[in-house]
Amino acid sequence: MGSLGAEIFDQVSAEVVNKLRKSLKASTVYTPGDEGYAASIVRWSDAFEKKAAIVVYVRSPEDVATTLKYCQDNKINFVVSGGKHSVGGTSSIEGGLVIDLAKMRDVTVNEADKTVDVGGGCVWKDVDEAAGKYDLAAVGGTINHTGVGGLTCGGGYGWLTGRYGLTIDNLVRAEVVLANGSIVEASDNNNQDLFWAIRGAGQCFGVITKFTFQCHEQKDPIWSGQMVFKADEHLDAVVNFANSLMAGKNPDAAMLMGITAPPFVRGPAIVVTAFYNGPKNAGEAIFEPLLRLGPIKNTCDERPYDTMNGIMNHAVEYGGRKISKGASFVLPLRPTFVRELVEELTFLHDEVPVTKRSILLFEFYNNVEVVKVPTSAMSFANRGWHQNALMGPNWSDPKDDEKCKRWLAHMSTQFRNELDRIGIENGNLAEMQTIGEYGNYDGTGVAPQEMFGPNYARLTELKAKFDPENMFNSSYDLTLPA
Ligand SMILES: Cc1cc2nc3c(=O)[nH]c(=O)nc-3n(C[C@H](O)[C@H](O)[C@H](O)COP(=O)(O)OP(=O)(O)OC[C@H]3O[C@@H](n4cnc5c(N)ncnc54)[C@H](O)[C@@H]3O)c2cc1C
């Protein structure tokens, strides 16, 4: 399908757009020049702010269906936008149409079965706060301005993963507008094959206008917060602690280890975000080896779950150019390897001095619940005992785009080499080579065959069934041969 480019838009805009406006029941349409247009194309990363020809703030599944038909009839390329945190620009488009779900942010808590119905354009703050009022919590993202839509479509790791698995493991049903305009339920009872596909590759199968999640009782506060250490003093101790935390397999304890360069520390710093779903004394006992190191800064305390998911927001707000790449590592993580990566981060700081807000993130979640679900159960294919890492350069000038992307590629190779090294050392290289990466952290366009591994062939079959014209193609091309 050809794209409606800016020049075509200039010629036919009024006619084309008026037709659309008239056909929609309650949605709002913006085009360049309209008040509100500039705000409508803002994305979490400035690198992905693209000049769409038309932005439609849809307000109902019916209007989504109408917009899809309109795109088909007028041969207009489109993307779907949820929370706007795509790390690869898959929710923005140059010259095409954006189906923006940002006005579909209703949340309804169903007390009887402890589920929550969530509008397709919600961010996690909407869910955390609504569920929190009923002492309930969902497995959501760790930054609460992130979108429910993209995060759920691609899997979803969060603080409650250790206890309850991934976000998709807690998805009960979804309302999906398919390419042909039909509005269907995907669940264990209806359209099971679609349900299989959307739990991992949801963004390739339709517009999800409502998610229903199983929530969990969360009456008590969480002991959590951030501890900051100088990397050159405490890196080995922090990494060794993280390894022992994971060896303990406590489903209620987790941590993130971010390496960055905050302005109040000279040189790279380690920012540990600690999580324990329990009382302060127990949390302090578990994290005592870190507390004993004497962090430069320590904000750990008891706080409600819905507040917990906002404590890292300040580090990853909107603004600046960002792209990220995922990687995987196995436990125990080698301090020497991390030290090498910290050096690579300082090389980036030297080469592109405005990259101090860049981050290297290592996640430590107990994966027991994640691996309980077979890889074949849903299209998501990143299950295993490995952990996720994320490399996230943050810069400001488009002229540095290529340097930052080169750095990402180089860092990605370092992670891959480390897995290979371990595989050779332990005699399980073939197994190490099956470890992929978390798709939602990839902004570099990893091939879908690689991302979905053993599930890819089935995905292509279902793609042919539910989206034969490959209209939902901005993140992966699932028509490529297996
Ligand atoms: C600051 C930050 C923190 C993050 N933290 C976490 C975390 O804790 N855990 C985790 O697992 N991941 C995390 N991620 C990764 C996150 O899951 C992805 O960036 C995800 O794509 C964001 O979804 P979104 O709706 O905000 O983004 P968008 O840019 O709006 O959408 C991303 C993709 O999903 C599609 N999409 C969005 N909504 C829908 C919908 N309703 N129906 C169909 N398709 C849709 C879009 O078309 C696009 O392809 C984080 C990312 C960032 C930038």
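Order of appearance sets the numbers: ligands from 1, and atoms from 1 within every ligand. Numbering of residues begins at 1 and proceeds along the displayed sequence. Values reported hereafter were calculated over all heavy atoms of this structure, with side chains retained and with hydrogens, waters and symmetry mates removed. Worth saying up front: this structure is predicted, and the values here are computed from it rather than measured.
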(message) Quick one: does any side-chain atom of Asp126 pair with a main-chain N or O of Arg105 as donor and acceptor, under 3.5 Å?
(response) no
(request) Just do the salt bridge (charged side-chain N to carboxylate O under 4.0 Å, His left out) check on Asp73 and Lys69 with the steps written out, would you? (result) CA-CA 6 Å; Asp73 291 348; Lys69 170 125 187 17; 2.8 Å; yes
(request) Pick, from Gly149, Gly439, Gly206, the option with the minimum heavy-atom distance to atom 43 (C) of ligand 1. (result) Gly206
(message) Check this for me - ligand 1, Ser81, N or O atoms closer than 3.5 angstrom, yes or no?
(response) no
(message) With respect to Val207, determine whether any N or O atom, backbone or side chain, lies less than 3.5 Å from an N or O atom of ligand 1.
(response) no
(message) Tell me whether Asn440 has any N or O atom under 3.5 angstrom from an N or O of ligand 1.
(response) yes
(message) With respect to Thr146, determine whether any N or O atom, backbone or side chain, lies less than 3.5 Å from an N or O atom of ligand 1.
(response) no
(request) Give the single entry among Gly154, Ser45, Ser91 that approaches atom 29 (O) of ligand 1 most closely by any heavy atom. (result) Ser91
(message) Using heavy-atom distances only, which candidate in Ile359, Thr167, Leu151 approaches atom 10 (C) of ligand 1 most closely?
(response) Leu151
(request) For ligand 1, find out whether one of its N or O atoms is nearer than 3.5 Å to an N or O atom of Val80. (result) yes
(request) Just let me know how Phe472 lines up against ligand 1, side chain, backbone, both or neither, with a heavy-atom cut-off below 4.0 Å. (result) neither
(request) For ligand 1, find out whether one of its N or O atoms is nearer than 3.5 Å to an N or O atom of Tyr365. (result) no
(message) Tell me the contacting part of Leu101 for ligand 1: side chain, backbone, both, or neither, using a 4.0 Å heavy-atom threshold, strictly below.
(response) side chain
(request) Using distance alone, decide if ligand 1 has a nitrogen or oxygen within less than 3.5 Å of any nitrogen or oxygen in His85. (result) yes
(request) Using modelled atom types only, decide if a donor and an acceptor are shared between the side chain of Asp169 and the backbone of Tyr164 within a distance under 3.5 Å. (result) no
(request) With rounding to the nearest 0.5 Å, note down the distance linking CD1 in Ile198 to CZ in Phe211. (result) 7.0 Å
(request) Would you tell me which option among Ile143, Val64, Ile198 has the nearest heavy-atom contact to atom 3 (C) of ligand 1? (result) Ile143
(request) Could you grab the distance from atom OH of Tyr157 to atom OG1 of Thr167, nearest 0.5 Å is fine? (result) 10.0 Å
(message) Strictly distance-based, threshold 3.5 Å: is any side-chain N or O of Asp442 a donor or acceptor partner for the main-chain N or O of Gly439?
(response) no
(message) Below 3.5 Å, N or O to N or O, backbone or side chain included: is there any such pair between Gly141 and ligand 1?
(response) no
(message) Can you confirm, on distance only, whether ligand 1 has an N/O atom lying under 3.5 Å from any N/O atom belonging to His145?
(response) no
(request) State whether the side chain of Arg163 and the backbone N or O of Asp252 hold a donor-acceptor pair below 3.5 Å, judged by distance alone. (result) no
(request) For the pair Lys322 (side chain) and Gly319 (backbone), establish whether a donor and an acceptor sit closer than 3.5 Å, ignoring hydrogens and angles. (result) yes
(message) Using side chain to side chain donor-acceptor pair (under 3.5 Å), reason through Glu175 and Thr209 one step at a time and then give a plain yes or no.
(response) CA-CA 6 Å; Glu175 176 183 78; Thr209 43; 2.6 Å; yes
(message) Ser86 versus ligand 1: do any nitrogen or oxygen atoms come within less than 3.5 Å of each other?
(response) yes
(message) So, taking the atom named CG in Asn309 and the one named CG in Asp128, what distance separates them when rounded to the nearest 0.5 Å?
(response) 4.5 Å
